[in-house]
Q: 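Please see the structure below; I have some questions.
Please read these numbers as outputs of a predicted model, since none were measured by experiment. By convention in this document, chain letters (A, B, ...) are assigned in the order of the sequence lines, proteins followed by strands, and residues within each chain are numbered from 1.
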Amino acid sequence: MTSIHPDQATAQRLAGLARQATPPPVLDPKTGDGTLIDDPAVRPPLVLNNRSFGEITDIVCGYAENKPPRWWLPVFLHAFGLAQLGGLFILYLVITGIGTWGLNNQVDWAWDITNFVFWIGIGHAGTLISAILCLLKQKWRTAVNRAAEAMTIFAVICAATFPGIHIGRQWMAWFLPPIPNANAIWPNFKSPLLWDVFAVSTYGTVSALFWFMGMIPDFATLRDRADRRLRLNPEGSPYILPFVKIRADQARAYIYGVFAMGWRMSSRHWHRYEAAYLILAGISTPLVLSVHSIVSFDFATSILPGWHTTIFPPYFVAGAIFGGFAMVLLLLIPARELYPNMKDLLTLRHIENMAKILLTTGMMVGFAYSMEFFIAWYGGNKYEVAAFVNRATGPYWWAYWTMITCNVISPQFFWSKKLRTNVVAVWLVALAVTIGMWFERFVIIVTSLHRAFLPGEYHMFHPTLVDIMVFAGSFGVFLTLFLLFLRFLPVFPIAEIKAVLPQASPHAHGHGEHDSHGSAGAHGSAGAHGHGDAGQATHAKGGH
Amino acid sequence: MAVSVAAQKTVYMTENNEQVHGILAEFASPADLYHAAEKVRDAGYDKWDTYTPFPIHGMEEAMGIKRTILPVFVFFGGMTGAGLGFLMQWWISTQEYQMMVQGKPFGDFASGGWQNFVPITFELGILLSAFTAIIGMFALNGLPRHNHPLMKKERFLASSDDKFFICIEAGDAKFNPEKTRDLLERAGATSIELVEE
């Protein structure tokens, strides 16, 4: 037995205090960090530096257990301040009325619904990654799915705010769901707006369930680590506050323990867990497609030129995936640079794959933009032609061309492998796409409304300070929640990442991780068995 | 180790007069655990389990776990959600509160008004399926349960990190302190210990 505990050695190595046990592999410069292999016969590694199971646990739990990086608190306080400011403007809006927004009789939906569709669209990437990529057995999803799911939920929270405050008399918001009431009145089930209430609330609930269920084993890991540290050294953990005599590890063991639901890593439990996970993935796939389709019905079922098109559902869904992946990249690229060892889990290949998805979905929305023009001309509807010509050349031409530049032109850079594996370039394109996708919704909503059928209905929309601050506040809420997620929750699915490591296969040779022999010996085992003979014998017998 | 015979089955007690929960054995790698699980399965044990930091591919087969009934639950949950969702909309729109909007039908079948109810029917079907899947998973797993005899073992806590375990419970008809221990040793356990209830 060595004088130093294996966990301690790992911790030192991860902190850069001790020499790496294995020298980093020599990489082909063409493969970036070693994952950009074009040969389909070679399976590129999903996790770099031959991380063992224990190292994965240490890295991911470290984000939640160690002191946050120095930038965390100032950034958090700014984001939280922005959220508070947005909250104050919402309070002002509720007290004063919807007239404080720049809405008018004709343009009666503007930034509020733009922001709603923008945020709900961003929320789609998470479920796409966790559900559709799960069904397609895309193992690389394990590195991004937890953060993307978190983002989904935070984006849905931001999205749900806007229709909630847009209804005018916000204290009557409980009229949205069908609740029996003393007036004996009920909602109108023929209205797509009510479908939207059900779609968004179902989506938010199912996404939250999916996210929570995915985190249960990781909560158990965090609980067990805190519990183990407390047993080894009850005095070892600091008090959470000088005057609150609760130790940090006690709080962790208790709080993570409650959310872990008593999970104890049992294979019989894993079996049902995996079944439930697959079912949730299966039902979330049509759900995610339905939600943005139903959001698009809000527009498509009207008779307004520019809204009344059948292409809207697929076009909105493609746009949602496009905007959602842009937001995932926007947040994870900086996180990957700022947190230690995150590059081992979130490799260049992940970035490249998401850049390819941006390129594909960007072409889909580009196709939809051109198809809208084509159908307006081909359908022979002069109002529709006028609406689309007005979009491109009317008073809001700058919004339209911002959208085209950001959404159609900027992803074209990703035809170049050099650019889609350059994190700065990817981040800049993701930023452009996020801006472009906001403008897309603005163009759809405002340019369609500001020129209706009669010249008497022609009006312009000008945002007010309240419009701007409520939107900025929603970014504050989103960032606040995301920073809290980075600080306190398992940012990567620990169990899922371990399961895709090469040594996780029960049929792997060399008996799994390289240090397992050492640590097993350190435990002072009861019966030392010859791994070689026994292992070989059972291999021959149990192979199937 | 003292042995006392209860009404039906044997209850094993430790020297400290604590009831035995089972025997816990640690294995070095997923492959070792997998092959050990096959041996325990073939030895005919019933009340036992393996504990792994992540779901090991093919472990159901190695342990002889039957396919879960959960999908059937979810099917009925989803159908209930969709059915009740449709019924609610039909009842409100045609029976309780008829609302004439833009001359559209109220929701009766003959005029095709039921088509309006499709999106919400679908959403509520999904909603109840999701709840059934997660609540059903917990119920079948006997969770939430915030303590367990195994969690008293410090060594066992590493099962959520990088260690692999088999626990054969004393409640199993074939459980025998010596023979069970011997089986686990022969299966390649790196350490074996007794777990108290």
Side-chain angles (χ1 to χ4, degrees), chain A residues 52-54 57 178 185-186 188-190 195 198-199 202 205-206 209 213 220-221 224 227-228 231 257 261-276 279-280 283 287 290 294 495 498-499 504-508 511-513 516-517 520 523 525-527 529 534-535 538 542, chain B residues 28-32 34-35 38 49-60 63 65 68 70-71 74 88-89 92-93 96-97 99 101 104 116-117 119-120 122-123 126-127 129-130 133-134 137-138 140-141 143-146 148 150-151 154 157 159-162 185 188-192:
Chain A
S52 65
F53 297 131
T57 317
I185 57 175
W186 293 91
N188 171 20
F189 286 101
K190 286 166 268 190
W195 303 348
F198 278 86
T202 299
T205 312
V206 173
L209 283 177
M213 204 185 98
T221 302
D224 289 351
D227 193 359
R228 211 166 165 212
R231 289 189 205 188
M261 310 290 277
W263 192 259
R264 54 178 191 276
M265 304 284 158
S266 146
S267 289
R268 291 177 196 276
H269 292 180
W270 279 123
H271 169 64
R272 298 188 189 99
Y273 177 90
E274 285 197 298
I279 290 168
L280 279 181
I283 60 173
L287 175 67
S290 82
I294 290 176
K498 286 177 192 167
S505 162
H507 310 296
H511 292 283
E513 51 185 311
S516 65
H517 290 278
H523 275 300
S525 57
H529 289 270
T538 47
Chain B
S29 73
D32 288 355
Y34 186 90
H35 300 305
E38 287 176 328
D49 210 340
T50 61
Y51 299 88
T52 59
F54 52 87
I56 291 178
H57 188 69
M59 206 60 196
E60 290 90 349
M63 287 177 66
I65 301 177
T68 174
L70 188 65
V74 176
M88 171 192 76
Q89 295 179 78
I92 289 174
S93 304
E96 174 65 10
Y97 194 67
M99 210 186 315
V101 181
K104 289 174 187 164
N116 293 314
F117 306 150
I120 294 181
F122 171 77
E123 298 297 337
I126 295 285
L127 185 67
S129 310
I134 193 162
M137 185 270 289
F138 281 130
L140 291 171
N141 284 347
L143 297 176
R145 165 177 180 173
H146 285 297
H148 192 273
L150 285 170
M151 290 181 187
E154 192 251 323
L157 297 183
S159 65
S160 64
D161 183 5
D162 59 353
E185 262 182 37
T190 55
S191 81
I192 292 179

Q: Considering only heavy atoms and a distance below 4.5 Å, find which of B:Glu154, B:His57, B:Lys104 pairs most often with chain A.
A: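 Among the listed options, the one with the most contacts to chain A is B:Glu154.
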Q: To check you understand the geometry: which heavy-atom pair defines the closest contact between A:Ala499 and B:Pro55, and what is its length?
A: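 In terms of heavy atoms, the two residues are closest at CB-O, 4.2 Å.
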Q: Measure distances from B:Met59 to the heavy atoms of chain A and classify the residue's part below 4.5 Å as side chain, backbone, both or neither.
A: side chain
Q: Is it the side chain or the backbone of B:Glu60 that comes within 4.5 Å of chain A heavy atoms, both, or neither?
A: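 For B:Glu60, the contact with chain A is made by the side chain alone.
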Q: Is it the backbone or the side chain of B:Leu127 that comes under 4.5 Å from a heavy atom of chain A, or both, or neither?
A: both
Q: Please determine, among A:Leu280, A:Leu287, A:Thr57, A:Thr202, the option with the most heavy-atom pairs under 4.5 Å with chain B.
A: A:Thr202
Q: Taking side chain as everything from C-beta outward and backbone as N, CA, C, O, which of these in A:Ile283 sits under 4.5 Å from a heavy atom of chain B? Side chain, backbone, both or neither.
A: both
Q: Minimum heavy-atom separation for A:Lys498 and B:Ser160, please, with both atom names.
A: NZ-O, 3.4 Å
Q: By a 4.5 Å heavy-atom criterion (distance strictly below it), what part of A:Leu209 contacts chain B: side chain, backbone, both, or neither?
A: both
Q: For a side chain to side chain contact (heavy atoms under 4.5 Å, CB included) with A:Phe189, tell me which candidate from B:Val101, B:Ile92, B:Asn116 qualifies.
A: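 Single pass found, and it is B:Ile92.
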Q: What orientation do A:Trp263 and A:Trp270 show, parallel under 30°, tilted 30 to 60°, or perpendicular over 60°?
A: perpendicular
Q: Carefully, step by step, assess B:Met63 and B:Asp49 under the rule side chain to side chain contact (heavy atoms under 4.5 Å, CB included).
A: CA-CA 8 Å; B:Met63 287 177 66; B:Asp49 210 340; 3.5 Å; yes
Q: So which atom in A:Ala495 and which in B:Pro53 form the shortest heavy-atom distance, rounded to 0.1 Å?
A: CB-O, 3.6 Å
Q: With respect to chain A, which residue among B:Leu150, B:Thr50, B:Val74 yields the maximal number of heavy-atom pairs within a distance under 4.5 Å?
A: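 If we count pairs closer than 4.5 Å to chain A, B:Thr50 comes out on top.
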Q: Using non-hydrogen atoms only, which part of B:Ile56 is less than 4.5 Å away from chain A: side chain, backbone, both, or neither?
A: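 Side chain of B:Ile56 only, per the 4.5 Å heavy-atom cut-off to chain A.
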Q: Under 4.5 Å heavy-atom distance to chain B, tell me which part of A:Arg268 shows up: side chain, backbone, both or neither.
A: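 Contact with chain B: backbone and side chain both.
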Q: Can you confirm whether B:Leu143 sits close enough to A:Arg264 that some side-chain heavy atom of one is under 4.5 Å from a side-chain heavy atom of the other?
A: yes
Q: Closest heavy-atom contact between B:Met151 and A:Gly262?
A: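 Nearest pair, atom of B:Met151 first, then A:Gly262: CE-O, 3.9 Å.
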Q: As an exercise: rank A:Ala276, A:Ser266, A:Ala275, A:Pro178 by heavy-atom pairs under 4.5 Å with chain B and give me the winner.
A: A:Ser266
